[in-house]
Trainee: 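Structure provided below as structure tokens; questions to follow.
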2 protein chains.
Amino acid sequence: MSRPTMETVAERAGVSRALVSLVMNNSSKVSEAKRQAVLRAAEQLGYRPNLHARNLAQARTKTLGMIINDIHNPFFAEVVYGVEAAADDYGFDVLILNGGRDAERERRAVETHLQFQVEALILVGPKLDDDDIIRASAVVPTVVVASGRDNPGADTITTDEERGAALAVQHLVELGHTDIVHIDGAANISSRARSRGYEKAMRSLGLEPRILRGGDDEADAEAAIVNLAETDSMPTAIFAFNDLVAAGALSTLEAAGLRVPDDVSVVGYDNTFIAELNHMSLTTVNQPRHQMGQLAIRTVLERIEDDRTEPTRIDLAPTLSVRRSTAPPRKA
Amino acid sequence: MSRPTMETVAERAGVSRALVSLVMNNSSKVSEAKRQAVLRAAEQLGYRPNLHARNLAQARTKTLGMIINDIHNPFFAEVVYGVEAAADDYGFDVLILNGGRDAERERRAVETHLQFQVEALILVGPKLDDDDIIRASAVVPTVVVASGRDNPGADTITTDEERGAALAVQHLVELGHTDIVHIDGAANISSRARSRGYEKAMRSLGLEPRILRGGDDEADAEAAIVNLAETDSMPTAIFAFNDLVAAGALSTLEAAGLRVPDDVSVVGYDNTFIAELNHMSLTTVNQPRHQMGQLAIRTVLERIEDDRTEPTRIDLAPTLSVRRSTAPPRKA
DNA sequence: CGTAAGATTTAGAGCGCTCTAACGCAATTG
DNA sequence: CAATTGCGTTAGAGCGCTCTAAATCTTACG
């Protein structure tokens with residue numbers, strides 16, 4: 001009942017174990033006759049090579065370990081596709097472990113991957129802290145995708161989020177807005193850069209920045225906007241930390257009797273699935289996620305092969321996806 | 001530069017390799033003194049057990065292989081969380097491979113998992129056909145989650161989709177609707193059951209079913225509704241194949257000057273992320289995804305341990321999540 | 001004290017595969 | 001025809017670990 005091994009196949013085909021190995025790795029120095037015999041035997045027995053044995057013998061695995069902050073998040077999904085496409089090209093398998101938005105879980109995931117002897121680690125939006133990342137990259141080449149900060153020891157692929165925020169501001173100003181409020185991401189890792197980008201852009205255009213504390217979901221947006229309505233003046237445009245916050249802004253504004261984009265324009269960030277929905281149709285800052293995934297693989301594999309030691313940092317340019325949530329301000 | 005092995009640790013701690021093994025598997029029959037010595041040596045060397053060697057020696061892996069139809073789809077993500085939670089309880093690791101909506105890719109993923117000697121296979125919304133599934137379950141216990149049909153040889157975890165559709169109809173009828181149109185899922189695997197549920201429910205309530213061909217995204221909904229507006233009469237309620245189609249209905253209806261739910265009520269299916277957004281607030285049929293994931297693990301692991309041979313089928317009950325996209329029909 | 005029972009520790013084989021070195025054999029060559 | 005070459009094939013060691021059986025060390029008791 002236990003699975004057939006090379007030994008079994010060899011016997012059946014009337015050859016040595018070594019020859020079966022050669023056939024399985026389709027070596028060129030096997031006669032056509034024997035190759036056929038071996039393949040036939042393997043087929044009949046339902047033979048399947050044992051990857052653990054192979055990895056052990058070869059002392060390499062041709063496998064990459066990827067950890068995703070949160071499988072739920074469609075932003076990361078896109079990165080995964082990029083990673084897989086590139087890994088395919090290089091003949092590597094990608095094993096995915098779910099971080100579950102939890103540093104402790106991620107730490108265990110790193111451990112699992114290392115025990116599996118993955119040849120590189122791809123961390124997508126990790127919650128891990130610097131020490132964890134240093135420790136990991138001491139063992140195996142590591143690349144971090146889409147995390148604002150610098151990652152000591154690891155390669156980093158990001159987009160320039162300051163620039164992304166500036167794109168949003170610029171778009172609104174070109175439409176004629178001058179009173180633009182930013183709802184920030186609170187403690188979120190990307191919040192700092194986006195806020196800074198917003199602030200710089202506003203100042204350089206001679207406008208006064210107004211930043212409200214937000215967060216990363218709909219409820220946070222609601223709180224911020226209720227606050228605006230009650231104690232502050234309502235701006236003509238809102239630049240939200242991300243699409244979800246922007247979605248919250250949309251519904252809260254409408255609940256308050258304000259129309260988007262007629263009364264208030266709204267811009268999001270990330271160009272997630274949400275923004276694309278017709279019913280939302282959010283103008284938003286887009287990050288080239290697929291490309292980020294691809295570059296992550298290239299970078300880290302190139303690091304293996306050329307054994308470069310200095311970590312690289314790649315900063316891609318964000319773009320703006322204009323949809324129906326922005327328009328010129330109502331003529332006063 | 002190569003990683004330390006048990007041998008290395010043993011030398012450093014001044015004990016035998018076997019003792020290190022015992023410590024690593026925290027056996028109770030090791031003296032405290034040696035245990036400490038070994039742990040210290042391991043720590044200092046940064047020792048990490050090689051899972052491939054262990055799996056090879058043990059002839060088992062304590063690893064489960066999961067294949068997800070499409071990482072993008074948030075519906076599946078929730079299932080993943082359920083699977084992981086349950087697998088944790090049993091001390092199994094879960095390796096995830098992305099099917100990428102493509103049967104061929106899935107087939108390769110199955111192969112990879114089998115070569116990794118996973119002890120069971122969890123297929124979430126697979127695109128594979130019956131033969132593939134039969135072949136896989138001949139090698140390793142297999143459970144299929146969220147796929148309408150019967151899966152020969154494999155365990156199956158689904159919800160009763162006919163019943164889900166009936167819930168939607170019933171809700172609308174209770175609100176007072178009688179003219180309810182269904183936009184179906186075209187070739188989608190779940191379409192048949194949902195349509196049938198709709199039709200039966202309508203008939204049993206003495207209402208005339210009207211089914212339009214839809215699909216599984218926004219554009220499909222738009223086509224169907226434009227059709228309704230132009231050639232047919234507009235109903236007072238629409239039951240869509242899934243949330244995305246419902247979202248498409250929402251925007252198309254509004255573009256046509258109809259208000260939801262004042263003029264037309266809309267019900268979706270799946271209770272995805274979209275439905276929850278405040279701005280959408282879709283009434284929708286909910287499947288207990290987390291529970292489905294958990295049951296998948298329980299079922300398949302119990303199958304390993306009790307070596308049951310007959311495949312099981314578990315059909316969970318869907319529920320209705322009522323939100324703001326449904327209301328009584330406008331009084332005529 | 002001697003020794004049996006129990007508690008710790010270890011030697012060594014084996015898991016399924018790859019890889020190096022060597023082997024057998026036919027074809028080629030001087 | 002002996003020697004060389006080269007192709008196809010194979011023996012056998014070794015990858016890092018677990019596991020069984022046996023060795024060694026303690027402890028306790030008569």
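To find a chain, count down the sequence lines: A is the first, B the second, and so on, and within it residues start at 1.
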Trainee: State which of C:dT9, C:dT10, C:dC17 makes the closest approach to the side chain of B:Ala18.
Mentor: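 Nearest nucleotide to the side chain: C:dT10.
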
Trainee: Checking side-chain polar atoms at under 3.5 Å, does B:Gln117 have a donor or acceptor matched by the opposite partner on B:Asn55?
Mentor: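 Absent: no donor and acceptor within the cut-off.
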
Trainee: Can any side-chain N or O of B:Asp270 pair as donor or acceptor with the backbone N or O of B:Thr272 at less than 3.5 Å?
Mentor: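 Side chain of B:Asp270 to backbone of B:Thr272: no pair is present.
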
Trainee: Given D:dC17, D:dC15, D:dG8, which nucleotide is nearest the side-chain atoms of A:Ala57?
Mentor: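 Of the options given, the side chain of A:Ala57 lies nearest D:dC15.
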
Trainee: Is A:Ser31 near enough to D:dC7 that one of its side-chain N or O atoms lies under 4.0 angstrom from OP1 or OP2?
Mentor: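 Negative; the distance criterion is not met.
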
Trainee: Tell whether A:Arg17 reaches the base of D:dG12 with its side chain through a donor-acceptor pair below 3.5 angstrom.
Mentor: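 Looking at the base of D:dG12, it does pair with a donor or acceptor on the side chain of A:Arg17 (distance under 3.5 Å).
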
Trainee: How is A:Asn25 classified with respect to the nucleic acid when contacts are heavy atoms under 4.0 Å: base, sugar-phosphate, or nothing?
Mentor: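 If one applies the 4.0 Å heavy-atom cut-off, A:Asn25 turns out to touch the sugar-phosphate alone, with no base involved.
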
Trainee: Out of D:dT9, D:dT10, C:dC17, which has the shortest distance to the side chain of A:Pro49?
Mentor: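 Selected nucleotide (nearest to the side chain): C:dC17.
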
Trainee: Expressed in angstrom and rounded to an integer, what is the separation of A:Glu11 atom CD from D:dT10 atom C1'?
Mentor: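 Value for this atom pair: 15 Å.
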
Trainee: Hey, which sits more toward the 5' end of DNA chain C by its nearest nucleotide, B:Lys34 or A:Glu7?
Mentor: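 First, find each residue's nearest nucleotide; the 5'-ward one identifies B:Lys34.
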
Trainee: Output the rounded distance in Å from CZ (A:Arg35) to P (D:dC7).
Mentor: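 Spelled out: CZ on A:Arg35 to P on D:dC7 is 16 Å.
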
Trainee: May I have the distance from A:Asn55 (atom CG) to C:dC15 (atom C1'), rounded to whole angstrom?
Mentor: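 For the pair A:Asn55 CG and C:dC15 C1', the rounded distance is 14 Å.
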
Trainee: Give a yes or no answer on whether the side chain of A:Arg35 reaches the backbone of A:Ser27 with a donor-acceptor pair at less than 3.5 Å.
Mentor: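 Yes, because the side chain of A:Arg35 sits within donor-acceptor range (under 3.5 Å) of the backbone of A:Ser27.
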
Trainee: Any carboxylate oxygen within less than 4.0 angstrom of a Lys/Arg side-chain nitrogen, looking at A:Glu43 and A:Arg40?
Mentor: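 Between A:Arg40 and A:Glu43 there is no salt bridge, as every charged N stays at least 4.0 Å from the carboxylate O atoms.
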
Trainee: Whole Å only: how far is the CZ atom of B:Arg54 from the C1' atom of D:dC19?
Mentor: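 One finds 13 Å between C1' of D:dC19 and CZ of B:Arg54, rounded.
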
Trainee: Indicate the ring-plane relationship of A:Phe116 and B:His52, choosing parallel, tilted or perpendicular according to the 30° and 60° boundaries.
Mentor: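 Perpendicular.
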
Trainee: Side chain of A:Leu19 only, heavy atoms from C-beta on: which candidate in C:dG16, D:dT9, C:dT9 is closest?
Mentor: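 Per side-chain heavy atoms of A:Leu19, the pick is D:dT9.
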
Trainee: Between the base of D:dT18 and the side chain of B:Arg60, is there a donor and acceptor pair under 3.5 angstrom?
Mentor: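 Answer no: no donor N or O sits under 3.5 Å from an acceptor.
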
Trainee: Would you tell me if any nitrogen or oxygen in the side chain of B:Gln58 comes within less than 4.0 Å of OP1 or OP2 on C:dC15?
Mentor: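 Answer is no, no contact under 4.0 Å.
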
Trainee: Give me the one residue out of B:Gln291, B:Arg289, B:Gln287 that meets side chain to side chain donor-acceptor pair (under 3.5 Å) with B:Thr159.
Mentor: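 So, applying the side chain to side chain donor-acceptor pair (under 3.5 Å) to B:Thr159 and each of B:Gln291, B:Arg289, B:Gln287, only B:Gln287 qualifies.
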
Trainee: Remember a base hit wins even if backbone is also touched, and classify A:Ala59 as base, sugar-phosphate or nothing at under 4.0 Å, heavy atoms.
Mentor: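 The residue A:Ala59 makes no contact with any strand.
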
Trainee: For B:Leu22 and D:dG16, what is the distance between atoms CG and P respectively, to the nearest whole Å?
Mentor: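 Rounded to whole Å, this separation is 20 Å.
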
Trainee: Any side-chain N or O of A:Ser21 less than 4.0 Å from the OP1 or OP2 oxygen of C:dC17?
Mentor: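 No, no such contact exists.
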
Trainee: Tell me whether the side-chain N/O atoms of A:Thr5 come closer than 4.0 Å to OP1 or OP2 in C:dG16.
Mentor: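 For C:dG16, neither OP1 nor OP2 has a side-chain N or O of A:Thr5 closer than 4.0 Å.
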
Trainee: Please state how far atom CE in A:Met24 lies from atom P in C:dT18, giving the value in whole angstrom units.
Mentor: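 Taking atom P of C:dT18 as the reference, CE of A:Met24 is at 9 Å.
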
Trainee: When the distance from CG of B:Leu51 to P of D:dG16 is rounded to whole Å, what number comes out?
Mentor: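 Taking CG of B:Leu51 and P of D:dG16, I get 14 Å after rounding.
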
Trainee: Please report the distance, rounded to the nearest Å, between CE in B:Met6 and P in C:dG12.
Mentor: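 It works out to 18 Å between those atoms.
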
